[in-house]
Number of protein chains: 2
Amino acid sequence: MDKQNDKPQLSGVKEIARRANVSIATVDRVIHNRKGVSENTRKKINEIIEEIGFQPNILASRLASKKVNRFVVLIPESQETDYWESPLRGIGRAEDEIKQYGVSIVRYFYDLNDKTTFSKAAEKILAGNFDGVLLAPSFISESLEFTATCRQRGLPYVFINSDIPAQHSLCYIGPHLYQSGYQAAHLISFGLKEGKILIVNISKEIDSYHHLLRKEEGFRAFFSENDKVLNKLVKIDIRNTSEASIDADLDWAFEVHHDIDAVFVTNSRVQSVAHYFEKKNIQDKILVGYDFLSENIEYLKRGIIDFLICQKPEEQGYIGIMSLFQHIVMGTAIEKEKFMPIDIITKENYEFYSN
Amino acid sequence: MDKQNDKPQLSGVKEIARRANVSIATVDRVIHNRKGVSENTRKKINEIIEEIGFQPNILASRLASKKVNRFVVLIPESQETDYWESPLRGIGRAEDEIKQYGVSIVRYFYDLNDKTTFSKAAEKILAGNFDGVLLAPSFISESLEFTATCRQRGLPYVFINSDIPAQHSLCYIGPHLYQSGYQAAHLISFGLKEGKILIVNISKEIDSYHHLLRKEEGFRAFFSENDKVLNKLVKIDIRNTSEASIDADLDWAFEVHHDIDAVFVTNSRVQSVAHYFEKKNIQDKILVGYDFLSENIEYLKRGIIDFLICQKPEEQGYIGIMSLFQHIVMGTAIEKEKFMPIDIITKENYEFYSN
DNA sequence: ACTATTTTCGTGTACGTGCACGTTTTTATA
DNA sequence: TATAAAAACGTGCACGTACACGAAAATAGT
């Protein structure tokens with residue numbers, strides 16, 4: 001009888017082989033551009049591939065080649081804030097999705113207060129046998145050293161959360177810092193018709209300081225570009241992150257500038273200022289800061305923080321891994337820069353925010 | 001020599017079969033709870049499955065069973081606005097990802113101004129042979145009729161964009177309307193210390209009107225819950241959506257209420273009010289509305305619209321299809337309600353918004 | 001012209017699961 | 001006890017691709 005006449009079989013290596021009058025193995029060689037095929041038949045097969053728009057069956061492919069890809073991530077460990085737990089969740093989510101395809105992920109963490117932990121982890125990574133790296137390049141020079149070696153070995157890497165331009169990374173996934181500062185300025189300006197605004201940088205680590213600066217730049221740019229002459233900007237840097245020290249600095253600022261009506265904190269440490277506000281029973285000042293952290297959300301709920309700007313940390317981790325996957329496993333092209341949306345979180349919408 | 005000694009092979013039906021002293025086929029029968037297995041061995045095999053945490057290899061599974069799943073979507077066609085193009089993009093994106101697994105998607109569209117087009121499409125769907133439905137239930141009673149039949153036939157369906165509660169849908173994917181109205185109120189209140197606020201409902205179709213009402217409810221709730229006695233709310237309904245008619249209605253409203261300082265449009269037709277503002281050279285009023293449509297974005301850029309609230313229409317389509325996929329193909333559990341984040345779009349962040 | 005080498009190509013098996021079919025064992029019936 | 005029927009189980013091929021291995025053809029060297 002007709003056991004298998006009705007096969008549409010338009011695609012597939014078998015069909016290509018049939019049309020080219022060669023065996024499947026030869027087609028296979030062309031597809032993976034291995035050697036051992038004459039220039040004639042190679043060309044012929046490539047034409048047929050073009051013609052029928054051959055798309056290899058990923059399922060069968062991964063099943064047959066028991067190939068295993070090893071990705072490695074190198075990010076800060078969560079200590080002072082739990083920020084990095086979010087990207088880590090995203091990484092885990094991506095891992096769950098693609099482990100079916102034989103991808104495994106190894107995680108390394110470094111201490112944001114200790115550059116050497118970064119370098120040591122980087123060394124271990126280079127010693128291991130990996131096919132792709134997801135990297136948060138918090139320390140500029142150390143990162144440059146690492147990526148130089150990667151490039152030399154043909155080991156692809158993507159940057160996450162903060163970028164080092166022109167480093168031939170596969171791509172960058174993270175926030176547009178300048179613009180997020182600009183956004184914060186608009187929000188404050190919208191709610192504040194006049195009065196001084198205090199900019200607060202809270203950061204122990206000198207290395208992450210330049211990120212804050214980019215935000216501050218954007219923040220200031222809004223006022224200069226929009227003729228908001230009524231709003232004078234005041235700024236303080238806080239390097240000692242103990243509560244007492246922060247309180248003292250803020251005391252000083254509010255004493256010198258008696259008419260500050262809004263505060264912009266350039267990172268997730270906005271909770272410290274919120275805490276200060278609560279203690280001093282300050283209620284009428286606008287407070288804007290960064291990141292969807294549980295403590296920040298608490299102050300948001302209580303109306304002490306007005307807006308949080310957040311840039312999908314979980315998504316960053318997820319997309320980071322998926323980009324490696326797309327490039328290395330699926331072999332498809334990926335965008336060079338993936339800026340996260342600038343999400344505005346309020347008391348009303350935080351519970352629907354998908355991190 | 002040792003050809004294949006070194007197999008970790010902890011998982012897999014083969015391993016289960018080995019441990020249970022049965023053949024692979026028997027294990028297979030248990031996994032798909034088909035009959036033809038004694039109660040004893042079934043129990044034994046199930047225990048082993050539990051023990052080793054067996055996860056079938058989806059790749060091999062879909063490869064072996066040349067099973068094809070057919071999904072169908074039923075959504076409005078884009079006419080007066082291009083809103084539905086976004087969910088459609090999301091649906092296409094999902095399709096690209098899962099067609100590898102043998103899923104095909106058929107699309108039906110209905111006219112939001114003509115209930116009968118919905119019913120006719122629904123009939124066609126029921127005549128076709130589908131495994132899952134993604135549905136925008138714009139018309140309540142017609143939708144109820146359709147889903148009743150689906151339920152009876154065991155054909156799973158998910159709601160998108162607007163919900164009909166308690167209809168045993170697989171899940172609902174879309175906005176939390178009430179809360180998004182509440183959010184809009186907060187934004188306006190933040191920028192407006194006093195003065196009247198105009199609520200504008202623009203909608204031809206009486207059926208989609210109840211969506212707008214839910215938003216309006218939330219909007220009003222904010223003011224009553226937060227003692228904003230300074231802000232009086234005024235409301236107009238506009239059923240005739242011609243430009244002349246809208247202009248006339250707005251003329252009337254601003255004439256009667258001379259101190260309106262902010263306008264809240266409960267849907268994407270905010271562009272009509274923006275257009276009116278531009279014509280009349282009105283610049284000092286706050287304007288808030290809905291949806292990431294190109295025209296709206298234009299007014300946002302020019303500073304006429306202050307905020308757009310947007311709820312990831314593309315994502316809705318994507319997640320809708322993926323939920324069907326998760327449930328029907330992968331057999332995993334899915335959440336009953338997936339509320340989209342309430343995204344706040346401004347002049348500063350629209351270009352980073354991932355729809 | 002005859003071997004040696006290289007290039008080019010085909011055969012066959014494996015990946016993990018699904019399923020049709022056939023075989024064995026048990027249970028029911030005469 | 002013999003026989004039929006039903007229940008329980010096993011064998012083997014298929015899915016589309018990868019790859020080791022070996023065969024054939026082309027080229028080189030004497």
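First the proteins, then the strands, lettered A, B, ... as listed; each starts at 1. Quick note: numbers below take in every heavy atom, side chains included, and nothing from hydrogens, waters or symmetry partners.
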Check: protein-nucleotides 25-28 of chain C nitrogen or oxygen pairs below 3.5 Å:
none

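- Regarding B:Asp28, its CG atom lies at a distance of 14 Å from the C1' atom of D:dC13, rounded to whole Å.
- Salt bridge A:Lys120/A:Glu123: absent, no basic N to carboxylate O contact under 4.0 Å.
- Nearest to the side-chain atoms of B:Ala25 among the listed nucleotides D:dC19, C:dG18, D:dT11 stands D:dT11.
- By the neighbour-count criterion of 12 heavy atoms within 6.0 Å, atom CD of B:Glu145 is sparsely surrounded, having that number or fewer from other residues, nucleotides or ligands.
- Applying the ring pair (Phe, Tyr, Trp, His ring centres under 6.0 Å) rule to pairs touching residues 151-171 of chain A yields A:Tyr157-A:Phe159, sequence neighbours excluded.
- Not counting sequence neighbours, the partners of B:Ala136 by the side-chain contact (heavy atoms from CB on, under 4.5 Å) test are B:Ile75, B:Pro76, B:Trp84, B:Tyr110, B:Ile160.
- Distance, A:Ile24 CD1 to C:dT11 P: 10 Å, rounded to whole Å.
- Screening residues 314-329 of chain A for salt bridge (Lys or Arg N to Asp or Glu O under 4.0 Å) gives A:Arg89-A:Glu314, A:Arg93-A:Glu314, A:Arg93-A:Glu315 as the qualifying pairs, with residues at least two apart or on separate chains.
- Within the structure, the salt bridge (Lys or Arg N to Asp or Glu O under 4.0 Å) test picks out no pair touching residues 317-340 of chain B (sequence neighbours left out).
- Nearest to the side chain of B:Lys66, among D:dG16, C:dT17, C:dC9, sits D:dG16.
- Applying the salt bridge (Lys or Arg N to Asp or Glu O under 4.0 Å) definition to pairs two or more places apart or across chains, those involving residues 42-60 of chain B are B:Arg19-B:Glu51.
- Only B:Phe54, B:Pro56, B:Asn57, B:Ala60, B:Ser61, listed by number, bring a heavy atom of residues 53-63 of chain B to less than 4.0 angstrom from any atom of DNA chain C.
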Could you list the protein-to-nucleotides 24-26 of chain D atom pairs, N/O on both sides, closer than 3.5 Å?
none

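- At distances below 3.5 Å, at least one donor-acceptor pair connects side-chain atoms of B:Asp131 with backbone N or O atoms of B:Arg70.
- Taking the side-chain contact (heavy atoms from CB on, under 4.5 Å) definition, one finds that A:Glu97 meets it with A:Tyr318, A:Met322, sequence neighbours left out.
- Considering only residues two or more places apart in sequence or on other chains, B:Leu63 meets the side-chain contact (heavy atoms from CB on, under 4.5 Å) condition with A:Asn57, A:Ala60, A:Leu63.
- Note on A:Ser65: every side-chain N or O is 4.0 Å or more away from OP1 and OP2 of D:dC19.
- Partners of A:Asp28 under the salt bridge (Lys or Arg N to Asp or Glu O under 4.0 Å) rule, at least two apart in sequence or in another chain, are A:Arg34.
- For B:Gln55, the CD atom counts as loosely surrounded, since its 6.0 Å shell holds 12 or fewer non-hydrogen atoms of other residues, nucleotides or ligands.
- Listed by residue number, the members of residues 29-49 of chain A with any heavy atom below 4.0 angstrom from DNA chain D are A:His32, A:Arg34.
- At least one donor-acceptor pair under 3.5 Å links the side chain of A:Gln316 to the backbone N or O of A:Gln311.
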